[in-house]
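All values below were derived from every heavy atom in this structure, side-chain atoms included, with hydrogens, water molecules and symmetry-related copies excluded.
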Amino acid sequence: MKLKRLTEGFFIVFEGLDGSGKTTQCKCLRDAFRRAGIDTVFTREPTDGPWGRKIREIAAKGRDNITPDEEMSFFVNDRRQHVDEVIRPALDAGKVVICDRYYYSTIAYQGALGLDRAEIRRQNEVINVFPKPDLVIYLDIEPRRGVERIREQREGGANVGYEKEEFLKKVKENFDAMDDYNFVKVKAVGNRDDIAETIVEIVRDRLGFDLH
Ligand code: TMP
């Protein structure tokens, strides 16, 4: 069954734990669209705007002086600006938007910090504020594997330890509980190209694009 088109354009979101390979898979999907002659708008959250920069600063320094509610308000402010300035104009112009993280991350991560997940969802799904994606691809990995990948990839990743893994377990539980009609779970273990091919098939089946 194909999904109903919700906007003029198509809105595809990638979600997953840190180290799930989201960013790589976003690029693979963008390349598949390019091969089909379709340009996409690739974007991400947190953004590079003022709120996004603030969020990255907090992430670098640690969460010591900030409450979960404040942290969530930064993500939501960042999203508001992102939707107004990038996502909605692109969708209104009929483009395909590929976004690395969106409000499902807020439900999963800020939910793992103790905020009420239903309330986060409610705030983010107020009609006409944040467009609902046509498709969410969730890259499913075990927290331990995510932590290993972060260690392999990032400078200073050696400091990523037990605490992070325990936190990611809670985040994963929150992602696992999601079952919206637009939410597709992809096992993100194994070969990068095989995972990319699975995603291309999902986009082809769900949204009707002739991708290879
Ligand atoms: P990134 O590593 O994909 O750039 O994401 C940065 C971090 O921000 C990641 O640990 C997840 C977190 N995050 C939230 O906690 N809430 C949100 O709403 C978003 C978009 C990201």
Side-chain angles (χ1 to χ4, degrees), residues 12-30 42-49 51-79 82 98-115 117 120-121 124 133 135-178 180 183-192 194-196 198-199:
I12 302 170
V13 166
F14 280 78
E15 292 284 4
L17 300 186
D18 308 65
S20 60
K22 274 180 304 87
T23 310
T24 305
Q25 290 302 331
C26 282
K27 287 184 188 144
C28 291
L29 183 62
R30 184 170 54 165
F42 172 62
T43 187
R44 66 171 183 161
E45 292 189 6
T47 68
D48 295 322
W51 290 105
R53 285 202 300 273
K54 211 175 164 82
I55 290 164
R56 285 179 207 285
E57 239 170 66
I58 294 165
K61 282 198 218 135
R63 289 189 163 111
D64 293 350
N65 296 316
I66 176 169
T67 66
D69 279 308
E70 276 174 314
E71 180 174 310
M72 166 150 141
S73 73
F74 292 166
F75 283 109
V76 172
N77 289 341
D78 187 41
R79 184 161 305 127
H82 190 208
I98 299 176
C99 188
D100 186 343
R101 293 197 188 280
Y102 196 48
Y103 64 73
Y104 305 89
S105 281
T106 320
I107 298 170
Y109 281 80
Q110 277 60 56
L113 289 177
L115 298 187
R117 285 178 287 148
I120 302 172
R121 184 181 285 276
N124 280 274
L135 180 63
V136 183
I137 294 163
Y138 168 62
L139 297 181
D140 187 9
I141 54 154
E142 289 307 317
R144 172 148 311 163
R145 181 69 194 115
V147 166
E148 279 167 12
R149 280 213 189 130
I150 303 167
R151 284 205 196 105
E152 285 158 18
Q153 286 165 8
R154 294 188 194 162
E155 231 177 279
N159 296 328
V160 177
Y162 174 76
E163 210 179 300
K164 178 81 174 178
E165 188 178 329
E166 288 306 298
F167 179 65
L168 289 181
K169 279 185 191 163
K170 289 194 208 149
V171 176
K172 178 168 161 54
E173 278 173 22
N174 293 344
F175 275 128
D176 284 347
M178 295 183 192
D180 290 20
F183 202 86
V184 180
K185 294 171 185 169
V186 174
K187 282 266 172 242
V189 279
N191 182 286
R192 187 194 83 155
D194 291 342
I195 299 167
T198 302
I199 292 170

What is the distance from atom [atom1] of [X] to atom [atom2] of [Y], rounded to the nearest 0.5 Å?
| X | Y | atom1 | atom2 | answer |
| --- | --- | --- | --- | --- |
| Ile66 | Lys61 | CD1 | NZ | 10.0 Å |
| Arg144 | Leu17 | CZ | CG | 13.5 Å |
| Ser105 | Glu15 | OG | CD | 3.5 Å |
| Ile98 | Leu135 | CD1 | CG | 10.5 Å |
| Thr106 | Arg101 | OG1 | CZ | 9.5 Å |
| Ile107 | Asn174 | CD1 | CG | 9.0 Å |

Are [X] and [Y] close enough that some pair of their side-chain heavy atoms sits under 4.5 Å apart?
| X | Y | value |
| --- | --- | --- |
| Tyr109 | Phe167 | yes |
| Pro143 | Glu165 | yes |
| Glu71 | Leu113 | yes |

Which atom names give the shortest non-hydrogen contact between Val13 and Pro133, and what distance separates them? CG2-CG, 3.6 Å
Ala188 and Ile141: which non-hydrogen atoms are nearest, and at how many Å? O-CG2, 3.5 Å
Verdict with supporting geometry, Asp180 and Val136, side chain to side chain contact (heavy atoms under 4.5 Å, CB included): CA-CA 9 Å; Asp180 290 20; Val136 183; over 6 Å; no
Can any side-chain N or O of [X] pair as donor or acceptor with the backbone N or O of [Y] at less than 3.5 Å?
| X | Y | answer |
| --- | --- | --- |
| Lys170 | Gly111 | no |
| Arg53 | Asp48 | yes |
| Asn77 | Ser73 | yes |
| Arg56 | Pro46 | yes |
| Glu45 | Gly52 | no |

From the list Lys27, Arg44, Lys22, salt bridge (charged side-chain N to carboxylate O under 4.0 Å, His left out) partner of Asp100 resolves to Lys22
Intermediate values then yes/no, side chain to side chain contact (heavy atoms under 4.5 Å, CB included), Arg151 and Lys164: CA-CA 11 Å; Arg151 284 205 196 105; Lys164 178 81 174 178; over 6 Å; no
Check this for me, if you would: do Asp140 and Lys172 make a salt bridge, where the nitrogen-to-carboxylate-oxygen distance has to be below 4.0 angstrom? yes
Mind checking ring-ring contact (aromatic ring centres under 6.0 Å, His included) for Tyr104 and listing every partner two or more places apart, or none if nothing turns up? Phe183
How would you list, by chain and number, every residue that makes a ring-ring contact (aromatic ring centres under 6.0 Å, His included) with Phe175, sequence neighbours excluded? Tyr138
Would you sort out whether Glu57 and Lys54 count as a salt bridge (Lys or Arg N to Asp or Glu O under 4.0 Å), showing the intermediate values? CA-CA 5 Å; Glu57 239 170 66; Lys54 211 175 164 82; over 6 Å; no
Report the residues that fulfil side chain to side chain contact (heavy atoms under 4.5 Å, CB included) with Glu152, sequence neighbours left out, ordered by chain and then residue number. Arg145, Glu148, Arg149
Does atom CG of Asn65 have more than 12 heavy-atom neighbours, drawn from other residues, nucleotides or ligands, at distances under 6.0 Å? no
